[in-house]
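Remarks on the structure that follows.
Just so it is clear: chains get the letters A, B, ... in the order the sequence lines come, proteins before strands, and each one is counted from 1. What's counted below: heavy atoms across the whole structure, side chains too, no hydrogens, waters or symmetry copies.
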Number of protein chains: 2
Amino acid sequence: MFSQFRDKLPLSEEKWNKYVGYFNRIEVPAKTTLLEEGEISKKLFVIEKGCIRVWFNHNGKDLTSQFFFENQSVASIESFMKKFPSPVFVETIEPSVLWWIHKNDVDTIIEEIKEIPELRDRLIDMLFQRTFDYMKHFFSFIKDSPAKRYQSLIEEKPQIVQRVPQHYIASYLGVSTVHLSRIKSKLLHEK
Amino acid sequence: MFSQFRDKLPLSEEKWNKYVGYFNRIEVPAKTTLLEEGEISKKLFVIEKGCIRVWFNHNGKDLTSQFFFENQSVASIESFMKKFPSPVFVETIEPSVLWWIHKNDVDTIIEEIKEIPELRDRLIDMLFQRTFDYMKHFFSFIKDSPAKRYQSLIEEKPQIVQRVPQHYIASYLGVSTVHLSRIKSKLLHEK
DNA sequence: TTCATTTGATAACAAATGTTATCGTCTGCC
DNA sequence: GGCAGACGATAACATTTGTTATCAAATGAA
């Protein structure tokens, strides 16, 4: 799982083995809840195989805010970093193979990493990138119609359209399941 | 402008004076463009007095994505950090008193600050906070109606409602000016 | 002051989107 | 193989939101 990064990170053999040793492999079926709303997130997951969604309940409606696939790391970021009760659920969509690491061990790694300028800067870059991604998604809500957002999704994140049940995608795009179905149908018949 | 921070930052007198010396004070009228779309952002602004909006043109429509007030710093963040052509305009709304600093000097400060763990961590915290803010704004688009978003704005960012012309607020909330006017009217007549 | 411009409210109509209900298909499971 | 539940399409209707146009009030500049 992690060997692909081995030669890209300036870490001693000793540190590398220590860090990799923190991770635990698990296999879980589809629809497994990895974190409950209200719980304080203690685990960060990395996906070897499968996919995961982050969702929350709003007045009885199941609203999905994010999707994750192979090689991405997943947590309720605010809960994990700041020890707040999680506002969201984290749940597998497909049967998945995951590696998880405890928050204490992440903290250890981050503290040590900050002393290595190259990795520290990479961490900061990652945080910037995450902000840019959210900005982009937010922009699409003030400038595009739902139909346009769906088309962008097909182009920019085809995995979502291909692997995720449609009713989860609907709330992610901010529309009802019925309307998303209409959008798809219209796209088909126009071409 | 900056003396309020003097005793809160672990900096030598020498460094402090050097950093403060990087800043330039300007006074500008309302509707002054501080950064054009397509331009590469070289200046970071701090607002002493006044307010600023960030906006972009989409198919001839003027869409506002952010507002800034006293003591906030403003730039086209992606352009400033990564030297990309800015996707947005930056423009004053009110006559304003601003302090600006050149990107080169910001880079100098950031590089030096990273060696001070307390400030380095504060920088990282700031980046997290910015991401959380965007997440929250994004959530409101998938869970709330425009009317609810407007009410939240009144509660959480009253400055915007009080100081910003309404047609800028409309696009920020993702609705037409006519519809925002309807929302206000409905709120009034219900109470 | 006076006039042009900006800003905001409102009406009338068009278009987009939500809601509820029904139906068919598919899938996993026994 | 058969069944229950999940998933998605579609129709009919209700509601929300956008568009265009008009008018009034506020604002700013000469």
Evaluate the criterion ring-ring contact (aromatic ring centres under 6.0 Å, His included) for residue pair A:Tyr172 and A:Phe67; output intermediate values, then yes/no. CA-CA 9 Å; A:Tyr172 179 76; A:Phe67 299 106; 5.1 Å; yes
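- In this entry the distance linking NZ of B:Lys148 with P of D:dT15 reads 22 Å, nearest Å.
- With distances taken from any side-chain atom of B:Lys184 to the nucleotides C:dA9, C:dT19, D:dG18, the minimum falls on C:dA9.
- For B:Ser181, counting side-chain heavy atoms from C-beta on, the closest listed nucleotide (D:dT19, D:dC7, C:dA9) is C:dA9.
- The side chain of B:Thr177 places no N or O atom within less than 4.0 Å of a non-bridging phosphate oxygen (OP1 or OP2) of C:dG8.
- In this pair, B:Phe56 and A:Phe139 present their aromatic rings parallel. The plane angle is below 30°, not in the 30 to 60° band.
- For the pair A:Gln162 CD and D:dG8 C1', the interatomic distance rounds to 18 Å; values are reported in whole Å.
- Atom P of nucleotide C:dT7 and atom CD1 of B:Ile93 are separated by 10 Å, given to the nearest angstrom.
- OP1 or OP2 of D:dT17 has not a single side-chain nitrogen or oxygen of B:Lys186 nearer than 4.0 Å.
- For B:Glu94 and B:Arg53, the salt-bridge test fails: no basic side-chain N is under 4.0 Å from an acidic carboxylate O.
- Residue-to-nucleotide contacts include a donor-acceptor pair under 3.5 Å from the side chain of B:Arg182 to the base of D:dG18.
- Here the nucleotide nearest the side chain of A:His167, chosen from D:dA9, C:dT10, D:dC7, is D:dC7.
- Atom-to-atom, CD of A:Glu91 to C1' of D:dA6 comes out at 13 Å; the value is rounded to the nearest Å.
- Contact annotation: A:Gln166 does not reach the phosphate of D:dA6 (side-chain N/O to OP1 or OP2, under 4.0 Å).
- The interatomic distance linking B:Leu187 (CG) with D:dT16 (P) rounds to 13 Å, in whole Å.
- A salt bridge does not link B:Lys136 to A:Glu78: none of the charged nitrogens lies less than 4.0 Å from a carboxylate oxygen.
- The side chain of B:Lys31 has C:dT7 as its nearest neighbour among D:dT10, C:dT7, D:dG18.
- The residues A:Arg25 and A:Glu27 are annotated as salt-bridged, a charged nitrogen and a carboxylate oxygen being separated by less than 4.0 angstrom.
- As a whole-Å value, the separation of A:His179 NE2 from D:dG8 C1' is 16 Å.
- In this structure, B:Ile169 atom CD1 and C:dT7 atom P are separated by 12 Å, rounded to whole Å.
- Regarding A:Ile142, its CD1 atom lies at a distance of 17 Å from the C1' atom of D:dT17, rounded to whole Å.
- Comparing B:Leu180 and A:Ser145 along DNA chain C, the residue whose closest nucleotide (by nearest heavy atom) sits nearer the 5' end is B:Leu180.
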